[in-house]
Amino acid sequence: MYIANAKMNPTAAPAGLSVPGVPATAAEMAIVGFIVIVGLYFGQVVFVPLALAVILSFVLAPAVRLLKRGGLPNTPAVVLVVMLAFALIFGVGALITQQVGSLAQDLPRYQITLKEKVTALREATSGGGGALKQASDALKDLQEQLEAPTKAAQPPASITVTPLPGVLRNGGSVGGTKGQPIPVEVHTPAPTPLDQLQSIIGIILHPLATTGATLLFVLFLLMQREDVRDRAIRLLGSHDLEKSTTAMDDAGTRLSRYFLAMTGINAAFGIVIGVGLWMIGVPSPVLWGVLAMLMRFVPFIGAFIAAAFPLLLAAAVDPGWGMFLWTLALYLTAEPIMGSLIEPIIQGQRTGLSPLAVILSAAFWTLLWGPIGLLLAIPLTVVLVVLGRHVERLEFLNVILGDTPPLSPPERFYQRMLAGDPAEAVEQAEKFIKERPLVDYYDEVVIEALRLAQNDADRGTLEPSRLDDIRDTSDVVIDALADQDFVPKTPKKRPLLDLELGDSDDKDAKAAVTTDDEVEEEDEREISEPIQITLSDAWKQPNAVLCVASRTALDETVALALARLLEKYGIGTKVIDAQRLRHGTLAPEDREGVQLICVSALDVRERSAHARFLVRRLKRSAPDTPVLGGFWQMDTESTADAAIIDSVAVDETATTLREAIRYCLDTARADSERSAAEQVETMRVET
């Protein structure tokens, strides 16, 4: 799903909301952002429970909707689901507390085993000459020598009281005790029962307050879901309430499915880890299973952080190294299988975030809210990205944090052509044609990019001389793709759950494309079928199909793409640039053996007069040859475009390379079959 420039493609702008009153300048937006960050930091007592409640409400919303469909009213459904969820959370918490207590009692025994292993490792490293041990001893001696004067110069850890001369102490003269230090010791008073009670209350009160606030927020968000949605729409403002409401509902549904699937996947990972550690014999497997589930919300390094504690414990419990190695193998096996196999099957590999945004969001929320911020970093950032895709004035969040490329594929191709760098364009094309046919890449990317270049040239923002450079670079890309298969060998498989977190309009468009692909599956196979048919010798000649550029160098590039595609079917082609044609007249060598002429024109709307003139001249040069008008990306459903197309006297019109290929193949097949029939008839008559 790509976001095109709104000026170039207004229909691709995200559907939904506009925010009146949002600061227009970068300075004002920076000030507002600073105020928001400061508020989040100092108001974490309120915002942390609210963030937890938002995530939990997305996870629990499907269960509430399911009970409501079953006939249960909203309030009882919400209370039942929330109570069951928090009962499960408290049950797991109690089990974890019990395992932590049991682990704490056995830690001294584990510590002895761990010390023995460290000693053994130290002795092992000191063997073979003991070079490491000698270096360590030398460094210790040097450190002691450097610290010795400092220690000698330090005053004693006491306060020296020196009475003034003649001042009596304890009713007598100072005498020989002059300057004698009086040791002073500072002792902290023993805590009173009230102090102990306050410290215990302080430790317990904070998590209880967070849990209570989270519970209240979850109940409120689920009970008042529609009201909260409507207030958000009213606060953000909207030009189209129906479209905005649909977009927000769609975003909420997709977020619920995403967070529910992510929670289920991470819970399954925690169960696998817990069961595996229990079978290995690592103490407190439930504790480490829950830790693995929670830490897997942390991107990239979460699973490794969760593995550190069980690995250390396995090394401390087992006198040997078997338990440690089995635990290491468990994590090294479970995480790749879950991340590379299970997740793509269930929900695909996309979180909606770019890799840089994942790292920055983890650092930002950790700095802001500590460990709880690290756990909530990805869910909160996903919410912000979805908000940016549905709120028009917050689209910058999607651009900064989302994994959607800032440039559409045609814009990226055009940019690479301007830079004279075809290598990246070829790489982009190879990724595209792994899942889609090569002809679609030419139709959807290359032709659209060339249209952008032609539009810039027409507006005067692109020098005409640059068109030749773009033509030459594009030709390099087309020649590099000449050996690629027409259809992908391994089409992309869709996940079980469609959790792409885009806006509703893009989703509808993607669904339409998928449906069109299914409808055109037979069409695609039929296009590929003529590779196996027998063509007549006339269609194998080098200039059987003349691909004629209408006017500009970019028209020639599309003609070259059509020629390379037709060559895959064994049809001979020849590309004629606009400079070679003199007033539309073909040279004698070009007319010899020609079976079909295809006129390639990127922009007939602005150059319809030239197209009519060119077609008339071509028909005079080859009166018996059919002419195909390749009027690329024209809208045949548009009355204006249809009128322009009808004004050009071509025998057939194609608006895409796919249509042009189909017409050429059908014509070649019909001529070949007719020639074969004529040969059979001739042989019969002669016989």
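Just so it is clear, the structure is predicted and the values come from calculations on it, not from any experiment.
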Check: Does any non-hydrogen side-chain atom of Thr210 lie less than 4.5 Å from one of Thr214?
Finding: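 Side-chain contact under 4.5 Å: yes.
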
Checklist line | Student check: side-chain heavy atoms of Leu452 and Phe413 closer than 4.5 Å | finding: no

Quick one: pull up [atom1] in [X] and [atom2] in [Y] and give me the separation to the nearest 0.5 Å.
{"X": "Asp443", "Y": "Arg436", "atom1": "CG", "atom2": "CZ", "result": "10.0 Å"}
{"X": "Tyr441", "Y": "Lys431", "atom1": "OH", "atom2": "NZ", "result": "11.5 Å"}
{"X": "Phe269", "Y": "Tyr331", "atom1": "CZ", "atom2": "OH", "result": "6.5 Å"}
{"X": "Leu311", "Y": "Leu325", "atom1": "CG", "atom2": "CG", "result": "9.5 Å"}
{"X": "Leu418", "Y": "Glu411", "atom1": "CG", "atom2": "CD", "result": "11.5 Å"}
{"X": "Ile271", "Y": "Ile273", "atom1": "CD1", "atom2": "CD1", "result": "11.5 Å"}

Residue pairs, two or more places apart or on separate chains, that pass salt bridge (Lys or Arg N to Asp or Glu O under 4.0 Å) and touch [range]:
{"range": "residues 261-283", "result": "none"}
{"range": "residues 69-88", "result": "none"}
{"range": "residues 364-378", "result": "none"}

Note to self: Donor-acceptor pair, distance only, cut-off 3.5 Å: does the side chain of Glu448 make one with the backbone of Val445?
What the structure shows: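 No; zero donor-acceptor contacts below 3.5 Å.
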
Donor-acceptor pairs under 3.5 Å, side chain of residues 51-65 to any protein atom, not counting sequence neighbours: which ones?
| unit_1 | atom_1 | unit_2 | atom_2 | d |
| --- | --- | --- | --- | --- |
| Ser57 | OG | Ala53 | O | 3.2 |
| Ser57 | OG | Val54 | O | 2.6 |

Side-chain donor/acceptor pairs under 3.5 Å, residues 361-382, sequence neighbours excluded:
| unit_1 | atom_1 | unit_2 | atom_2 | d |
| --- | --- | --- | --- | --- |
| Ser361 | OG | Ala357 | O | 2.9 |
| Ser361 | OG | Val358 | O | 2.9 |
| Thr366 | OG1 | Ala362 | O | 2.5 |
| Trp369 | NE1 | Leu40 | O | 2.9 |
| Thr381 | OG1 | Ala377 | O | 2.6 |

Below 3.5 Å, can you tabulate the donor-acceptor pairs from side chains in residues 277-305 to any protein atom, sequence neighbours excluded?
| unit_1 | atom_1 | unit_2 | atom_2 | d |
| --- | --- | --- | --- | --- |
| Ser284 | OG | Gln99 | O | 3.3 |
| Trp288 | NE1 | Pro283 | O | 2.9 |
| Trp288 | NE1 | Ser284 | O | 3.3 |
| Arg296 | NE | Glu335 | OE1 | 3.2 |
| Arg296 | NH1 | Asn266 | OD1 | 3.0 |
| Arg296 | NH1 | Glu343 | OE2 | 2.6 |
| Arg296 | NH2 | Glu343 | OE2 | 2.9 |

